[in-house]
K.L.:
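I have a structure I would like to understand better, so I am pasting it below and will then ask my questions one at a time.
Within every chain, numbering begins at 1; the chains are lettered A, B, ... in the order of the sequence lines, protein sequences first and strands thereafter. Everything quoted here is computed from the prediction, not taken from an experiment.
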2 protein chains.
Amino acid sequence: MVTYDAAQLDLTDDQVDRIFRALADATRRDIIGRTLTEESSISELAHRYEMSFAAVRKHITVLEEAQLVCTHRSGRERRIRGNPEHLQKAQALLTTYERLWRERIDRLDALLAED
Amino acid sequence: MVTYDAAQLDLTDDQVDRIFRALADATRRDIIGRTLTEESSISELAHRYEMSFAAVRKHITVLEEAQLVCTHRSGRERRIRGNPEHLQKAQALLTTYERLWRERIDRLDALLAED
DNA sequence: GTCATATGTAACCATGTGGTTTTATGATCA
DNA sequence: TGATCATAAAACCACATGGTTACATATGAC
């Protein structure tokens, strides 16, 4: 595929899939928001949500694979931190659509101007 | 949930889930791109992809439910058209994260300035 | 060393997803 | 009217997802 999307951003379709997939869950979006403003451990995060540690761990794995968060172990903890770069790539993708849309408007305007 | 997200955009978590979920598939992103620049029928779209009409129809249903495209019947066809408004909402959500991130930077800067 | 805490990981389960094929319905055109 | 084309909708399938519980392993505190 790679027609309207990732071309400009050196992201494969697969990577783009993973990014949007990861964003498609409220808990994961919340984790992104929190770790973007403040680094956090898994269990700190797990306390905030009504689900098991294991469930939160899985969400973090999904976010890691989408590169929307970075993690590193520090002692017995794993610290999680939001990764703004990859978020900006997602944003840039949506901007691509906006550009397409504007081009369409411009073409319609041009057509109208001809008459 | 609705903490870091939808609050500003009168979208429920569920709606946001649907939007990002719908964006998490290359075929669907391609359909958005095409129908944003040019209205199209389902079978016109189906010719472009190596999958059945039924599969494409399902993708369009997903996009409709996320309100990323609008559809209307015209004779025996169903015309599909990209919906830029909802795409912009998705974009606005990502902008929210950027704002959070910038606030964090500002806070860190402030801390450094204190010392 | 012992114990508590944080994490990792596996097995399991219900449900959702992305595809298929098949069959039915509806609209257009000759 | 009949043939054809666009769509709709259902049944089915393999696999992914989002959760669980249970158990193993690491690390820090004492």
K.L.:
Do A:Arg76 and C:dT5 have a side chain to base donor-acceptor pair shorter than 3.5 Å?
P.N.:
yes

K.L.:
Toward the 5' end of DNA chain D, which comes first, A:His59 or A:Arg73, by nearest nucleotide?
P.N.:
A:His59

K.L.:
To the nearest angstrom, how far is A:Asp25 atom CG from C:dT17 atom C1'?
P.N.:
15 Å

K.L.:
Would you say A:Ser43 places a side-chain N or O within less than 4.0 Å of OP1 or OP2 belonging to C:dT5?
P.N.:
no

K.L.:
The helix from C:dG1-D:dC30 to C:dA30-D:dT1: angle between its terminal axes, five pairs each, to 10°?
P.N.:
30°

K.L.:
Output the rounded distance in Å from OH (B:Tyr49) to P (C:dT20).
P.N.:
14 Å

K.L.:
Nearest-Å distance, CZ (B:Arg78) to P (C:dA27)?
P.N.:
12 Å

K.L.:
Could A:Asp17 and B:Arg29 be called an ion pair, given the rule that one side-chain N must be under 4.0 Å from one carboxylate O?
P.N.:
yes

K.L.:
Whole Å only: how far is the CZ atom of B:Phe53 from the P atom of C:dT22?
P.N.:
17 Å

K.L.:
On DNA chain C, nearest-nucleotide positions of A:Arg21 versus A:Arg79: which is more 5'?
P.N.:
A:Arg79

K.L.:
Could you please name the option among D:dA9, D:dT20, D:dT7 that lies closest to any side-chain atom of B:Ala54?
P.N.:
D:dA9

K.L.:
Expressed in angstrom and rounded to an integer, what is the separation of A:Ile42 atom CD1 from C:dA6 atom P?
P.N.:
11 Å

K.L.:
In whole Å, what is the span from the CD atom of A:Glu64 to the P atom of C:dG8?
P.N.:
8 Å

K.L.:
Any side-chain heavy atom of B:Leu11 within less than 4.5 Å of one from B:Lys89?
P.N.:
yes

K.L.:
State whether A:Glu65 and A:Arg18 are salt-bridged, where the test is any N-O pair (Lys NZ or Arg NE/NH1/NH2 against Asp/Glu carboxylate O) under 4.0 Å.
P.N.:
no

K.L.:
Could you please name the option among D:dT7, C:dT20, C:dT7 that lies closest to any side-chain atom of B:Lys58?
P.N.:
C:dT20

K.L.:
May I have the distance from A:Met51 (atom CE) to D:dT17 (atom P), rounded to whole angstrom?
P.N.:
16 Å

K.L.:
Would you say C:dA6 has OP1 or OP2 under 4.0 Å from some side-chain N or O of A:Arg57?
P.N.:
no

K.L.:
Is A:Ile31 close to A:His59 at the side-chain level, that is, under 4.5 Å between some pair of heavy atoms?
P.N.:
yes

K.L.:
Is B:Ser52 close enough to C:dG19 that one of its side-chain N or O atoms is under 4.0 Å from OP1 or OP2 there?
P.N.:
no

K.L.:
Mind calculating the distance between CD (A:Glu50) and C1' (D:dG18) to the nearest angstrom?
P.N.:
16 Å

K.L.:
Salt bridge check: are A:Arg57 and A:Glu64 linked by an N-O gap of less than 4.0 Å?
P.N.:
yes

K.L.:
Reading DNA chain D from 5' onward, which residue's closest nucleotide shows up sooner: A:Ser74 or A:Ala55?
P.N.:
A:Ala55

K.L.:
Over all heavy atoms of both residues, which pair between A:Phe20 and B:Leu23 is shortest? Give the atoms and the distance, please.
P.N.:
CD1-O, 3.4 Å

K.L.:
Would you say the side chain of B:Ile80 lies within less than 4.5 Å of the side chain of B:Glu39, judging by non-hydrogen atoms?
P.N.:
no

